[in-house]
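Below is one structure, written out as structure tokens; comments come after it.
Counting begins at 1 with the first residue of the sequence.
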Amino acid sequence: MRSASATAPAASASTDPVPDRTGIEAALAGLPRVVDLLAARAEEHDRDATFPYQGIEAVHEAGLLTLTVSARYGGPGGTLADTVRVLSQLGRGDASVAVVTAFTLLRHAEQARRADWPTAGYRRLLTESRRGPVLINTLRAEPGAVVGELPATVARRDGDGWLLTGRKTYCTGAEALAWMAVTARTDEEEPRVGTFLVRGESEGLEIDPTWDQLGLRASASHDVVLDGVRVPADLALGLTVGRRTARQDVDAGAELSLAWHDLALSAVAIGVARAAEAWLIRFLNQRTPANLTEPLGTLPRYRTALGEIEAQLIGAEELVEGLAARVDRGEPEAVARTGPAHLLATRAATAVVQQAVALTGNPGLSRRHPLERYLRDVLSSRVHLAADETVLEAVGRAALERGTRP
């Protein structure tokens, strides 16, 4: 488990301008319409594995794609609790759109906390965002990467800039990203590791369409191949000597970034499960087998099963929403608990959808209905979750450490 004491300084800056609650609520008010638009085309994009450009446009037009832009940059300054609320709703409409949106919201939120992106460049990005959707993601994962090793992606000095070469994998939204924050090591005698800001249309950058997963098929989480991609010196951020760090050893700022990631992606999974429950309820209210005179929903067995599903979702929502509010208040203990919360929420969401499929039988597995897509999407959401044993071993170690204290 991540250390609570290490996260104490990581509370968001109290000197920031007060969030624009009026603007936030106005954006949130548009959520139902956006969710309906996403749901209307989700099956098509899933079937064809095509990127949901219109869905992203709808999210942008509602003001949701820039919800976490800090008030000091003229944004509404949405909180983690706001982010969780948005993503759980988007997850009901189209999980692929939700996860793509999540990573852009996370990047804006990190800029609000750490201001590591050069101010002039970030303001240019926001200007672009007023004209249309600007998607951003941080690209860390590499094929065959091992925790504790330096990134395989290399930045080589070239005049007043850098040339980036390497391959990143699981790059959500790859084909539509306007900016990529790419982790890499330098080729210096003592390598430094940092983040290099790359434009999506940069020369030498290629999208390798490797994403062919069971679910989240429209998320375009392809590989990104960089072959001598030029990055100006001022877009190389946080270059420091060091290695990849394990989850429990990251610094306070990175702890908070992980907390946002954990709860944001948990919210997407819960949204998918809520969509599955809504479909199940309609099915139970309408389905009357030949041997019955009333719909399945009138039978105690089905009502009890639905009650179990509802109870699991209530628990997951209370866990994620409660922790999000506590993280927003700057409570270190809440930050330290988001890893296990992500695991538990994803498990609950998966169990809910699996139970819905079991209750409906053959109709739940038919491509004519969305339930089988919800199952595939919630199963594929594990790509954003740390391995169970990694999370649980850290939690167990923290518990043992607490047990040795006087």
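- Closest non-hydrogen pair, Ala174 versus Ile207, comes out as O-CD1, 3.7 Å.
- Checked by atom type and distance alone, the side chain of Thr195 never pairs as donor or acceptor with a backbone atom of Ala181 at under 3.5 Å.
- Taking all atoms of both residues into account, the shortest heavy-atom contact from Gly200 to Leu205 is O-CD2, 3.7 Å.
- In this structure a side-chain-to-backbone donor-acceptor pair under 3.5 Å is present from Thr79 to Asp82.
- Lys168 pairs with exactly one of Thr183, Asn137, Asp208 by the side-chain hydrogen bond (donor to acceptor under 3.5 Å, both in side chains) rule, that one being Thr183.
- Trp179 does not carry Arg107 over the face of its six-membered ring by the limits of under 6.0 Å from the centre and within 45° of the normal.
- Taking all atoms of both residues into account, the shortest heavy-atom contact from Ala42 to Arg373 is CB-NH1, 3.4 Å.
- Side-chain contact between Val378 and Val352: absent, with no pair of heavy atoms (C-beta onward) separated by less than 4.5 Å.
- Checking each of Thr346, Asp388, Thr350 against Arg382 for a side-chain hydrogen bond (donor to acceptor under 3.5 Å, both in side chains) leaves exactly one that passes, namely Asp388.
- Between Arg167 and Asp223, at least one side-chain N (NZ, or NE/NH1/NH2) sits under 4.0 Å from a carboxylate O, which counts as a salt bridge.
- Within 6.0 Å of atom CZ in Arg199, more than 12 heavy atoms from other residues, nucleotides or ligands are found, so the atom counts as buried in its surroundings.
- The existence of a salt bridge linking Arg337 and Asp262 is excluded, since no basic side-chain nitrogen approaches an acidic carboxylate oxygen closer than 4.0 Å.
- Using a 4.5 Å heavy-atom threshold, the side chains of Leu214 and Ser380 count as touching.
- In this structure, Ser88 and Glu317 have side chains that are not in contact, with every pair of non-hydrogen atoms separated by 4.5 Å or more.
- Heavy-atom minimum distance, Trp211 versus Val383: CH2-CG1, 4.4 Å.
- Open room surrounds CG on Asn362; 12 or fewer heavy atoms of other groups in view lie less than 6.0 Å from it.
- Dense packing is recorded around CZ of Arg303, with more than 12 heavy atoms of other residues, nucleotides or ligands lying under 6.0 Å away.
- A ring pair (Phe, Tyr, Trp, His ring centres under 6.0 Å) with His108 holds for exactly one of Tyr73, Phe103, Tyr122; it is Tyr122.
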**Study point:** Residues Val59, Val100; criterion side chain to side chain contact (heavy atoms under 4.5 Å, CB included); working and verdict
**Key:** CA-CA 11 Å; Val59 174; Val100 171; over 6 Å; no
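- Between Thr240 and Arg192 there is no side-chain heavy-atom pair separated by less than 4.5 Å.
- Under the 30°/60° scheme for interplanar angles, the aromatic rings of Tyr53 and Phe51 are found to stand perpendicular.
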Check your understanding: Is there a side chain to side chain contact (heavy atoms under 4.5 Å, CB included) between Ile136 and Leu125 once you walk through the steps?
Key -> CA-CA 10 Å; Ile136 322 165; Leu125 181 154; 3.8 Å; yes
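- Of all heavy-atom pairs between Leu28 and Leu64, the closest is N-CD2, 4.3 Å.
- When all heavy atoms of Val99 and Thr172 are compared, the closest pair comes out as CG2-CG2, 4.1 Å.
- Counting only heavy atoms from C-beta outward, the side chains of Leu323 and Glu331 never approach each other to under 4.5 Å.
- Here the CD-CD distance, from Glu142 to Glu149, works out to 10.0 Å after rounding to the nearest 0.5 Å.
- Within 6.0 Å of CD on Glu203 lie no more than 12 heavy atoms contributed by other residues, nucleotides or ligands.
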Point to revise | From CA spacing to verdict: side chain to side chain contact (heavy atoms under 4.5 Å, CB included), Tyr374, Leu280 | key: CA-CA 11 Å; Tyr374 299 146; Leu280 173 64; over 6 Å; no
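- Summarising the geometry, atom CG belonging to Asp328 is positioned 5.0 Å from atom CG belonging to Leu80; distances are rounded to the nearest 0.5 Å.
- No donor-acceptor pair under 3.5 Å is formed between the side chain of Arg156 and the backbone N or O of Leu163.
- Between Ser96 atom OG and Leu90 atom CG the span is 12.0 Å, to the nearest 0.5 Å.
- Side-chain contact between Pro118 and Leu197 is present, with heavy atoms from C-beta onward closer than 4.5 Å.
- Going from atom CG of Leu237 over to atom CG of Leu235 covers 7.0 Å, rounded to the nearest 0.5 Å.
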Exercise for review: Kindly determine whether Arg217 and Asp212 satisfy side chain to side chain contact (heavy atoms under 4.5 Å, CB included), including the steps that lead there.
Suggested key: CA-CA 7 Å; Arg217 290 176 51 75; Asp212 189 19; 3.1 Å; yes
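- Side-chain polar atoms of Thr127 and Arg130 form a donor-acceptor pair below 3.5 angstrom.
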**Study point:** Test log, rule salt bridge (charged side-chain N to carboxylate O under 4.0 Å, His left out), inputs Glu277 and Arg274
**Key:** CA-CA 5 Å; Glu277 182 198 40; Arg274 277 295 185 191; 2.7 Å; yes
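- In this structure the side chain of Leu392 reaches within 4.5 angstrom of the side chain of Leu343, judged on heavy atoms.
- Within the model, atoms CG of Leu371 and CZ of Arg376 stand 11.0 Å from one another, a figure rounded to the nearest 0.5 Å.
- Between Val229 and Phe196, every side-chain heavy-atom pair lies at or beyond the 4.5 Å cut-off.
- Within 6.0 Å of the CZ atom in Arg124, the count of heavy atoms belonging to other residues, nucleotides or ligands does not exceed 12.
- Atom SG in Cys171 sits 10.0 Å away from atom NE2 in His222 (nearest 0.5 Å).
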